[in-house]
**Q** 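Handing you this structure, nothing more for now.
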Number of protein chains: 2
Amino acid sequence: MSHHRWKDDSVRSSRPSQIGVREVANLARVSPTTVSNVLSGNRPVSATTRERVRWAIEELDYRPNHSARNLRLQRSGIIALALPEVRVPYFAELVHDLVRAARDRGYRVLVEQTEGRTESEHAVMHGLDRGMVDGIIFSPLGITRETFERRRGSTPIVLLGERILGADVDYVGTDNVAAAADATAHLIARGRRRIAAIGDQRGTGGTGPQRTRGYRRALRRAGIPYDARLTVRTATYHHSDGAEAMAELLDRGVELDAVYCYTDLLAIGAMHTLRSRGLRIPDDVAVIGTDDIDEGRYAAPPLTTVTPDKAAITTSALDLLIRRIADPEAPVRQVLVPHTIEVRDST
Amino acid sequence: MSHHRWKDDSVRSSRPSQIGVREVANLARVSPTTVSNVLSGNRPVSATTRERVRWAIEELDYRPNHSARNLRLQRSGIIALALPEVRVPYFAELVHDLVRAARDRGYRVLVEQTEGRTESEHAVMHGLDRGMVDGIIFSPLGITRETFERRRGSTPIVLLGERILGADVDYVGTDNVAAAADATAHLIARGRRRIAAIGDQRGTGGTGPQRTRGYRRALRRAGIPYDARLTVRTATYHHSDGAEAMAELLDRGVELDAVYCYTDLLAIGAMHTLRSRGLRIPDDVAVIGTDDIDEGRYAAPPLTTVTPDKAAITTSALDLLIRRIADPEAPVRQVLVPHTIEVRDST
DNA sequence: TTGTACGCGTTATCAA
DNA sequence: TTGATAACGCGTACAA
């Protein structure tokens, strides 16, 4: 195979122009179509020409232009993951798992943070529209059905965690009422009767109220009266919220022997306060969290937690989204993944 | 050119086709150019036409197609952040900060995970080329200068954390030798003499060896002999690595009264082992980590840590990248951000 | 098996 | 101030 280039492109030498299919085609002395076919494998190409094209691609260090390909194919190969805050470990792990799973399916992941701001949640649906991403996996934080329906564009969306009641949209989540009830029941089974709850949030239509319902249901079934003084709302789900909530509980002077936290981060924050007040965990106060983040395994003591099947959440959400991308008319599906209790030393 | 259709609305009205500038232009009875100008503000448009166009946009719920715009403008408005693992809190916080900072500057962030695999690090530079992203912020994990130079494409790159020595590339990082020396010196100032080090990794050209150099330098300056038995390498930087490394140290039976960990996660894992063996922190063993992740504040006890100015890292990296995107010929710049020691209860 | 010509939706250039 | 036209780089229907 002789390497004579008979047609020396002055284009390449004059200015550092972009290398495109045309340049490759010229060098390999074939048509752009053939180059395209070699790359896509879409149509058969003879072995010899294929080799020549491959060589030319290598020679010019050609790589296809994504913008052009996307425009032509009407797909970007990117999905967006919109969530409140990446630095919250539960979401960080979600990003981790999703990036990994998406890569296996030929997608990359764009991360969008709403930081709990309603306008950001709206922007997610508006701003990501039309060709920037092929679909959105959206973990909202208290968006109403009405707003959602009004603002959503044509981009496929899968909702995560928080269901928007009545909305005509694919959804993956867990039975939060049951999870909360199980967590509370676990504490009751450990002999606790004065069980506090940290993490409800007012006004949101999401997981908070559902967990409160589960908590109260478990109490009711055990014949334990509900005591409003044992409940503390938090603004967000960080360590500091848990620490402050626990401090408030203790300062109220209300008797308690266990705490159910709506998030592991809240639980770890709560344990921090308990330790600093000289209370023993679980002897004086048992603590259970939610999410099973890695941090909980190394907390002091290791944190018991109720958690959804996170792998199932990731893969279900992705599969649902890809199905929706392929067929916008597919019937809406709502997936509930199972949850389990990881019993560790904090209870 | 045989069938040159003028303004064939009948074709478009038959099916619910995509809404483009053309549709808007038709409705507003202007040219696509004008619509484009109203959107971009690139050229003056009379108030009346502007209103008509705005109305038509609203009426049709038009939003521009990103793929087309990107192709035309030769930019995507997306930058990639390539790092080992998002679920590692330090990186999660980095993503958080960067997504936020990028948004302020009109960019979105695509997250790419290398998971420590060399081929993934190569893929970052190859796969992200040509129009998919405008630039890459890359936190590598032991890539050689030679490979880097050979594989890098034309996409602007800013390196993070680990410098690739001699490489002709923008870089943001910290003086790891000094940081390690300061951490070790802090322990020495607390009266410790038998100081272990957890987290070196063999073979990589990165932060690990640098921190080891700083550690040994501080010992030397304090006249403390280096004891190889006090050093433990780890495969990665997770909790479990720290826990196992600490266990190994204790099992060696070598006397120690402090540990310097190359990562907060390692330190928290190490403290887990110390607690479970009944050792008191810092009374029996003082512990210092690196990174100042949020988790450290709520560890038991709260973790002393040496940390770079993370906000400076984020903004410097982004500014460097944006500068590089604007001017590929700009002189290479390497930024070192300062570090500080957050003293908490673990020392 | 390969090549030609067109269009994806947008914006920049040139002309009016 | 506005419009017609070309081009960004690619994939594909149609022709050979």
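Note that the coordinates shown come from a computational prediction; the quantities given were computed from them, not determined experimentally. Labels below follow one simple rule: chain letters A, B, ... track the order of the sequence lines, proteins then strands, and each chain is numbered from 1.
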**Q** So, does the side chain of B:S36 form a donor-acceptor pair with the base of C:dA12 at under 3.5 Å?
**A** no

**Q** Would you say the side chain of A:T49 and the base of C:dT2 hold a donor-acceptor pair, judged only by whether the two atoms sit under 3.5 Å apart?
**A** no

**Q** Identify which nucleotide among D:dA4, C:dT11, D:dC10 has an atom closest to any side-chain atom of A:P64, counting heavy atoms from C-beta outward.
**A**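 Ranking D:dA4, C:dT11, D:dC10 by closest atom to the A:P64 side chain puts D:dC10 first.
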
**Q** Quick one: list whatever passes salt bridge (charged side-chain N to carboxylate O under 4.0 Å, His left out) with B:E119, sequence neighbours left out.
**A**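 With sequence neighbours excluded, B:E119 shows a salt bridge (charged side-chain N to carboxylate O under 4.0 Å, His left out) to B:R117, given in chain and number order.
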
**Q** Starting from C1' on C:dT2, measure out to CZ on A:R50 and report it in whole angstrom.
**A** 14 Å

**Q** Starting at the 5' end of DNA chain D, which residue's closest nucleotide do you reach first, B:R43 or B:Q74?
**A** B:R43

**Q** Among D:dC10, C:dT10, C:dT1, find the nucleotide with the atom closest to the side chain of A:R72.
**A**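 Nearest to the side chain of A:R72 among the choices is D:dC10.
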
**Q** C:dT2, OP1 or OP2 - any side-chain N/O from A:S46 closer than 4.0 Å?
**A**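 For C:dT2, OP1/OP2 do have a side-chain N/O of A:S46 under 4.0 Å.
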
**Q** How many Å lie between CG on A:N26 and P on C:dG3, as a whole number?
**A**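 Value for this atom pair: 11 Å.
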
**Q** Going by distance alone, is a donor N or O of one side chain under 3.5 Å from an acceptor N or O of the other, for B:N70 and B:S76?
**A**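 The criterion, which ignores hydrogens and geometry beyond distance, is not satisfied for B:S76 and B:N70.
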
**Q** Is A:S40 touching bases, backbone alone, or none of the nucleic acid, heavy atoms closer than 4.0 Å?
**A** nothing

**Q** With a cut-off of 6.0 Å (strictly less than), are more than 12 heavy atoms of other residues, nucleotides or ligands near CD of B:Q334?
**A**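 Count over threshold, so yes.
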
**Q** Given atom CG of B:N70 and atom P of C:dA12, what is their separation to the nearest angstrom?
**A**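 Rounding to the nearest Å, CG of B:N70 and P of C:dA12 are 13 Å apart.
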
**Q** Both B:N37 and B:A68 contact DNA chain C. Which one's nearest nucleotide lies toward the 5' end?
**A** B:A68

**Q** Test A:E112 against B:R103 for salt bridge (charged side-chain N to carboxylate O under 4.0 Å, His left out), laying out the working first.
**A** CA-CA 9 Å; A:E112 196 81 357; B:R103 165 194 284 268; 3.6 Å; yes

**Q** Roughly how many Å is it from NE2 in B:H66 to C1' in D:dC8, rounded to a whole number?
**A** 17 Å

**Q** Select one nucleotide: of D:dT12, D:dC10, C:dT2, the one nearest the side-chain heavy atoms of A:R69.
**A**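 Of the options given, the side chain of A:R69 lies nearest D:dC10.
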
**Q** Once you round it to whole Å, what is the distance between C1' of D:dT5 and CZ of B:R22?
**A** 14 Å

**Q** Find the distance A:E51:CD to C:dT2:P and express it as a whole number of Å.
**A**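 The answer, rounded to whole Å, is 13 Å.
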
**Q** Please give, in whole Å, the distance from C:dT10 P to B:R75 CZ?
**A**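 Going from B:R75 (CZ) to C:dT10 (P), I get 16 Å.
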
**Q** If you only use heavy atoms from C-beta on, which nucleotide in D:dG11, D:dA13, C:dC8 is closest to the side chain of A:L73?
**A**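 Out of D:dG11, D:dA13, C:dC8, the nucleotide with an atom closest to A:L73's side chain is D:dG11.
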
**Q** Does B:Q74, at its CD atom, have more than 12 non-hydrogen atoms belonging to other residues, nucleotides or ligands within less than 6.0 Å?
**A** yes

**Q** Kindly point out which of D:dG9, D:dA4, D:dC10 is positioned nearest to the side chain of A:L71?
**A**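 My answer, after comparing the listed nucleotides, is D:dG9.
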
**Q** Report yes if some heavy atom in the side chain of A:M125 is under 4.5 Å from a heavy atom in the side chain of A:I143; otherwise report no.
**A**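 Yes, side chains in contact.
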
**Q** How long is the line joining CG of A:L39 and C1' of D:dG9, in whole Å?
**A**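 The answer, rounded to whole Å, is 13 Å.
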
**Q** Categorize B:N42 for me: base, sugar-phosphate, or nothing, with a 4.0 angstrom heavy-atom threshold over every strand shown.
**A** sugar-phosphate

**Q** B:T34 near the nucleic acid: base, sugar-phosphate alone, or nothing, with a heavy-atom cut-off under 4.0 Å?
**A**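 Sugar-phosphate, backbone atoms only, no base.
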
